[in-house]
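Note that this is a predicted model, so its numbers are computed, not measured.
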Amino acid sequence: MEYPFSEIERKWQANWRNSRVFNAQDVCAKPKYYVLSMFPYPSGILHIGHASNYSIGDAVTRLKLMEGYNVMQPMGYDSFGMPAENYAILHNSHPRLTTEENIAAMRIQFDGMGFGLDWEREVSTCRPEYYHWGQYIFKKMYEQGIVYRKKSYQNWCDECQTVLANEQVEDGHCWRCGTDVLQKELEQWYFRITDYAEELLDFSGVIDWPEKVMTMQKNWIGKSTGTRIEFPMQDGTESIAVFTTRPDTIYGVTFMAVPPEHPLVQKWLTDDPSNTELHDFCQRVINEDKILRTAEDKPKEGIFSGHNCINPLNGDMVQIWVTNYVLMDYGTGAVMAVPAHDQRDYDFAQKYNIPLKLVIQNPEQNLSLDTMQAAYTEAGIMTNSAQFDGRDSVESKTAISEWIEANNWGKRTHTYRIRDWGISRQRYWGNPIPIIHCPDCGVVLVPDEDLPVLLPDNVQVGKTTSNPLLSVPEWLNVPCPQCGKAARRETDTMDTFVDSSWYFARYADPKNEKLPFSPENAEYWLPVDQYIGGVEHAVMHLLYARFIHKFMRDLGWVKSDEPFARLLTQGMVLKDGAKMSKSKGNVVDPQYIIDRFGADTLRVFLLFASPPEKDVEWNDDAVMGAFRFLNRIWRLIETNIDAIRQGLEYTAEPSELSPEFRELLYSSHITVKKWLEDSLHRMQYNTAIAVTMEHLNKCTSIKDTTQLSNAELAVYAEACGIIPQLLYPFAPHIAEELWEMIGCTEMLHECGLPGYDEKYLQKDSITYVIQVNGKVRGKMDVAADATEDTLRSTALSIDNVIKALEGLTVRKVIIIPQKMISIAASK
RNA sequence: GCGAAAGUGGCGGAAUUGGCAGACGCGCUGGACUUAGGAUCCAGUAGGUUACACCUGUAGGGGUUCGAGUCCCCUCUUUCGCACCA
């Protein structure tokens, strides 16, 4: 017999909706708790990964409700972007229609899982009432100087027909479709995330984030500390700046390496068009694919520029080489090459017969230029370095930098690997950038009263060679808001990561028609107390959102420094050890599981299989196990309902109970204690469910409840009665139904957390384990208040212990209170 | 190459501060019952063994300790991140 899960699930989903259980109040005497799972792209189908992620968030939500918080768990859709555009093309429809259809379909599936979501706060990034405020934020950023436009080489995905930000290129491939990324020169819009680089390195504003994510962000930002030094040109015209983290090697500079894009190189080419050799080399390198060019195994190439500069510290003349191994957009775009102490410079110098100069001596093993096979990159003793000779190279970094600063040759500084965020996308289905280009006034912001710039519907979607919005003249051509002359709209749309960088704040005030959100609501709800999502967003979404949040804080819109106080990066659901995907044919449809076993079974399976941050291996048999577990609970309570109802009228004291019922009473209280620890404090839902199963086994071991005494009934009723509470965060439908069956009239979230009483956890006798030299040799039950002397003598009188001690002398007896006695003995 | 995390039965996983390794579930073995079920109940399930006892065992090797899955050192494997960043 299966319990009627289908009926129960429908019933409670309707009850929660009608009672507005999950509609959070903006004004409330209770403390707030904001639970947020990363919103999905509306594919139309809730897949098992969604079911898994949102089951975690829902467990947090229901636990916090039980704990007495005013909980908000909103949901929305990240509905702009390439997938929607492609999906519409595939179905010969329009993304607006397909997206709204998909959203409606997903909503039904979310409800079918029984998630406690506040649907009155739903946002969808492709709707004008949302993207209006993205445009507004763009304008504010523009006014604050955080937005600028620049022409340069961009990461271009030919498949997606758009540029990509640096964060969105993985190993030279598009993060979305895997196509090789090309370089294309384009003019596009940037957000100055680098202005916040230093602050983004600081995570002191978060309460609990995985170390891994913080490390990934820190590495991405890539701060390095060093010295910027000006090398004057030999002809005295200007100078060339380098950034180095190794000022201690500056006396070892034997050449200067610059990329062909370097402004000085470009100037030389213009000044001397006859230098075809240099010209050809530069052209060839510039046109080469950036990813290939920067690959580590790429052979180093270069050409002498014909120009020299001067090492300001020792007056040495230094040849400037144009090379393929220096990056224009890192540091100053020029490198002081020290081939004796840098492997890259060494490789280059070997190839072009450039001399080496040894300036750091290995204290362990004397180095000689004649025998060196590789650069010596370690620390050591300085040599050939004027007044710094004989000093430790690490310590001398400061001294040399100070010397450089004192002589005005340069100064200490930092450099970051992170670049500004390129947010232009040459696609249709995104938020229009609220800019008008006027031939006279230049770049003009669309006035607030004209926002939002609506995305036109009548666009030719499909693969176009140019930006799709160019094909809509009635949208494109507008009068300039300043001078009224004919002007054109910006046709780039924003990266969808812009839309998702502030949605968590919009949930605080989702219907605001005057502002993105009111500062009062934002102050109440932010930061998000528990954020849940995939680790794949560690350096994309999570970094962008922190950046935009800090910008909004600087505007005074939000008060907190960080948007997400706690972050949980949940694992994936795997099948046969691999991520589920259509191409592998290993997809499990959650709807099938819901239809056959119910949403509660699916949720229990997903949460029980492993801790939330780890991957879950799909297992059909284990799903059955979860189903059997819920059926056993159902049967327990249904068949003993009279005893339970009756028992709730009575109370019991341990002294009047048989050992069996004393054990059951203990189980009720220890289970609640462990469950609270596991679920509320550790977020280890797998073990919280395990202790519930263990307790269930205790309850079902009592077979006949018709002959129980009043005291026994009381214990039994309590034992069975806590089970719905323990189940509620994970299997809420069956929990509510059983709770009602027992006779409780309030819904479970109103009843508080289950409680336990320490007095029932006190045992009058304790089982001690006795070890001899680290091996278990016996056990004994001793009164809880036994003295150390009693413990020692009792332990030493056990037959097995005596046997183990034969021929040995006891050296030491260690007593671990409540647990064990360890005897150290030797001959 | 650099950095991080991890490695526990046939499987997923427990063991929160060093204190009975393998909780709980799956699978498997045997039994009971039967309205023969994707059922339920009972017993067993790390390996070895002369089986109420003992020996071995948490990737491998060494160490600290009365006591190590847990702490320290070395090695191996896997996963993830970064990878000419000066």
Visitor: Describe the nucleic acid contact of Lys703(A) in one word from base, sugar-phosphate, nothing, applying a heavy-atom distance below 4.0 Å.
Guide: sugar-phosphate

Visitor: Between Glu638(A) (CD) and A39(B) (P), how many Å, whole number?
Guide: 19 Å

Visitor: How far does the C1' atom of G9(B) sit from the matching atom of G57(B), given to the nearest Å?
Guide: 10 Å

Visitor: If pairing requires Watson-Crick or G-U wobble contacts with both distances under 3.5 Å, which nucleotide is the partner of G10(B)?
Guide: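 Partner of G10(B): C26(B).
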
Visitor: Is it the case that Lys763(A) places NZ or CZ above or below the six-membered ring of Tyr666(A), under 6.0 angstrom from the centre and within 45 degrees of the axis?
Guide: yes

Visitor: Which atom pairs link the protein and nucleotides 64-69 of chain B when you take only N or O atoms and keep those under 3.5 Å?
Guide:
residue	atom	partner	partner atom	Å
C66(B)	OP1	Lys812(A)	NZ	3.4
C66(B)	O2	Ser822(A)	OG	2.4

Visitor: Figure out the CG/C1' separation between Asp615(A) and G13(B), and round it to whole Å.
Guide: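 The answer, rounded to whole Å, is 13 Å.
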
Visitor: Measure CG/Asn800(A) against C1'/A53(B) and give the value in whole Å, please.
Guide: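 Interatomic distance, CG of Asn800(A) to C1' of A53(B): 7 Å.
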
Visitor: Which nucleotide, in any strand shown, forms a Watson-Crick or G-U wobble pair with C33(B), with both distances under 3.5 Å?
Guide: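 Across any shown strand, C33(B) pairs with none.
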
Visitor: Please give the nucleotide sitting opposite C84(B) as a Watson-Crick or G-U wobble pair, both distances under 3.5 Å, or none.
Guide: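 In the structure as shown, C84(B) has no Watson-Crick or wobble partner.
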
Visitor: Using purine N1 to pyrimidine N3 plus N6-O4 or O6-N4 for Watson-Crick, or N1-O2 and O6-N3 for G-U wobble, both under 3.5 Å, which nucleotide pairs with G38(B)?
Guide: none

Visitor: Which whole number of Å gives the distance between the P atom of A15(B) and that of U78(B)?
Guide: 27 Å

Visitor: For the P atoms, the ones on A43(B) and on C26(B), what distance do you get once it is rounded to whole angstrom?
Guide: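 Pairwise P distance, A43(B) against C26(B), rounds to 15 Å.
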
Visitor: Would Arg566(A) and Trp209(A) count as a cation-pi pair here, with the cationic atom under 6.0 angstrom from the ring centre and within 45° of the axis?
Guide: no

Visitor: Starting at CD1 of Ile770(A) and ending at C1' of G19(B), how long is that distance when rounded to a whole Å?
Guide: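 These atoms are roughly 14 Å apart.
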
Visitor: Do any N or O atoms of the protein come closer than 3.5 Å to N or O atoms of nucleotides 23-29 of chain B, and which pairs are they?
Guide:
residue	atom	partner	partner atom	Å
A23(B)	O2'	Glu694(A)	OE1	3.3
A23(B)	O2'	Glu694(A)	OE2	3.2
G25(B)	OP1	Asn697(A)	ND2	3.3
C26(B)	OP1	Arg628(A)	NE	3.3
C26(B)	OP1	Arg628(A)	NH2	2.9
G27(B)	OP2	Arg628(A)	NH2	3.2

Visitor: Once the angle between the rings of Tyr352(A) and Trp321(A) is folded into 0 to 90°, is it parallel (under 30°), tilted (30 to 60°) or perpendicular (over 60°)?
Guide: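 Rings of Tyr352(A) and Trp321(A): tilted, as their planes differ by 30° to 60°.
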
Visitor: Just how far, in rounded Å, is C1' of C52(B) from NZ of Lys803(A)?
Guide: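 Going from Lys803(A) (NZ) to C52(B) (C1'), I get 11 Å.
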
Visitor: Can a side chain N or O of Lys218(A) be found less than 4.0 Å away from OP1 or OP2 on G3(B)?
Guide: no

Visitor: Provide, to the nearest angstrom, the distance between the CZ atom belonging to Arg777(A) and the C1' atom belonging to G19(B).
Guide: 16 Å

Visitor: A46(B) and U35(B): how far apart are their C1' atoms, nearest whole angstrom?
Guide: 40 Å

Visitor: Answer with base, sugar-phosphate or nothing: what part of the nucleic acid does Val326(A) contact at a heavy-atom distance below 4.0 Å?
Guide: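 Contact class for Val326(A): base.
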
Visitor: Output the rounded distance in Å from CE (Met216(A)) to P (G3(B)).
Guide: 17 Å

Visitor: For Phe348(A), does the six-membered ring have the charged nitrogen or CZ of Lys300(A) within the cation-pi criterion, i.e. under 6.0 angstrom from the centroid and within 45° of the normal?
Guide: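 No; the conditions do not both hold, so Lys300(A) does not lie above the ring face of Phe348(A).
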
Visitor: Do Ile418(A) and Leu543(A) pass the side chain to side chain contact (heavy atoms under 4.5 Å, CB included) test, and can you show the C-alpha distance, the side-chain angles, and the key distance before you say yes or no?
Guide: CA-CA 11 Å; Ile418(A) 191 172; Leu543(A) 190 62; 4.0 Å; yes

Visitor: Rounding to an integer number of angstrom, what distance separates A86(B) and C76(B) when you compare their C1' atoms?
Guide: 35 Å

Visitor: If you assign each of Pro611(A) and Ile821(A) to its closest nucleotide in RNA chain B, which residue comes earlier from the 5' end?
Guide: Pro611(A)

Visitor: Nearest heavy atom decides the nucleotide; on that basis, is Asp678(A) or Ser701(A) closer to the 5' end of RNA chain B?
Guide: Asp678(A)

Visitor: Which part of the nucleic acid does Lys775(A) contact within heavy-atom distance under 4.0 Å: base, sugar-phosphate only, or nothing?
Guide: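 Here Lys775(A) touches the backbone only, sparing every base.
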
Visitor: Can you tell me how far P of G13(B) sits from CG of Leu606(A), to the nearest Å?
Guide: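 Between P of G13(B) and CG of Leu606(A): 13 Å.
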
Visitor: In the strands shown, is U64(B) matched to any nucleotide by a Watson-Crick or G-U wobble pair with both distances under 3.5 Å, and which?
Guide: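 U64(B) is paired with nothing.
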
Visitor: Counting the benzene-type ring for Trp, do Trp634(A) and Phe5(A) have ring centres under 6.0 Å apart?
Guide: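 No: the rings miss the under 6.0 Å criterion.
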
Visitor: Applying the Watson-Crick and G-U wobble criteria at under 3.5 Å, what pairs with A5(B)? Answer none if nothing qualifies.
Guide: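 Here A5(B) is engaged in a pair, and the nucleotide opposite it is U78(B).
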
Visitor: When you measure only distances, ignoring hydrogens and angles, does the side chain of Lys779(A) come within 3.5 Å of the base of C20(B) through a donor and an acceptor?
Guide: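 Such a pair is found, so the answer is yes.
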
Visitor: Quick check on G13(B): syn or anti? Syn means the glycosidic torsion is within 90 degrees of zero.
Guide: anti

Visitor: Over 60° means perpendicular and under 30° means parallel, so classify the ring planes of His414(A) and Tyr416(A), tilted if in between.
Guide: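 Answer is tilted, since the angle falls between 30° and 60°.
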
Visitor: Within the structure shown, what part of the strands sits under 4.0 Å from Gln343(A) by heavy-atom distance: base, sugar-phosphate, or nothing?
Guide: nothing

Visitor: Counting any heavy atom closer than 4.0 Å, what does Thr692(A) reach on the DNA or RNA strands: base, sugar-phosphate only, or nothing?
Guide: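 The residue Thr692(A) makes no contact with any strand.
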
Visitor: Taking atom types as modelled, is there a side-chain donor on Thr705(A) or Asn640(A) under 3.5 Å from an acceptor on the other?
Guide: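 Per modelled atom types, Thr705(A) and Asn640(A) side chains form a pair under 3.5 Å.
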
Visitor: Before giving the answer on side chain to side chain contact (heavy atoms under 4.5 Å, CB included), spell out for Trp618(A) and Ser52(A) the whole-Å C-alpha distance, their side-chain angles and the decisive distance to 0.1 Å.
Guide: CA-CA 11 Å; Trp618(A) 185 265; Ser52(A) 170; over 6 Å; no

Visitor: Which of parallel (below 30°), tilted (30 to 60°) and perpendicular (above 60°) describes Phe627(A) and Tyr3(A)?
Guide: tilted

Visitor: Does A46(B) have a Watson-Crick or wobble partner in any strand here, with both distances under 3.5 angstrom, and which is it?
Guide: U56(B)

Visitor: Any side-chain N or O of Arg417(A) below 4.0 angstrom from OP1/OP2 of A86(B)?
Guide: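 For A86(B), OP1/OP2 do not have a side-chain N/O of Arg417(A) under 4.0 Å.
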
Visitor: Less than 6.0 angstrom from the centroid, inside 45 degrees of the normal: does Arg546(A) satisfy that with respect to the ring of Phe203(A)?
Guide: yes

Visitor: Looking at every heavy atom in both Leu727(A) and Ile633(A), which two are closest together, and how far apart are they?
Guide: CD2-CD1, 3.6 Å

Visitor: Does G38(B) have OP1 or OP2 under 4.0 Å away from a side-chain N or O of Asn631(A)?
Guide: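 Answer is no, no contact under 4.0 Å.
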
Visitor: For the base of C20(B), is there a side-chain donor-acceptor partner from Lys819(A) under 3.5 Å away?
Guide: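 Absent.
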
Visitor: Taking only the P atom of each, what is the distance from A39(B) to G48(B) in whole angstrom?
Guide: 30 Å

Visitor: Please state the P separation for the pair A14(B) and G25(B) - nearest whole angstrom.
Guide: 15 Å

Visitor: Look at the side-chain N and O atoms of Ser224(A) and state whether any lies under 4.0 Å from the OP1 or OP2 oxygen of A86(B).
Guide: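 Yes, Ser224(A) has a side-chain N/O under 4.0 Å of OP1/OP2 on A86(B).
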
Visitor: After noting the C-alpha distance and the side-chain angles of Met683(A) and Leu568(A), does the key distance pass the side chain to side chain contact (heavy atoms under 4.5 Å, CB included) rule?
Guide: CA-CA 10 Å; Met683(A) 291 182 78; Leu568(A) 180 114; 4.1 Å; yes

Visitor: Which value, in whole Å, describes the distance between the P atoms of nucleotides C24(B) and C41(B)?
Guide: 15 Å

Visitor: Determine which nucleotide pairs with C20(B), using a 3.5 Å limit on both distances of a Watson-Crick or G-U wobble pair.
Guide: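 Across any shown strand, C20(B) pairs with none.
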
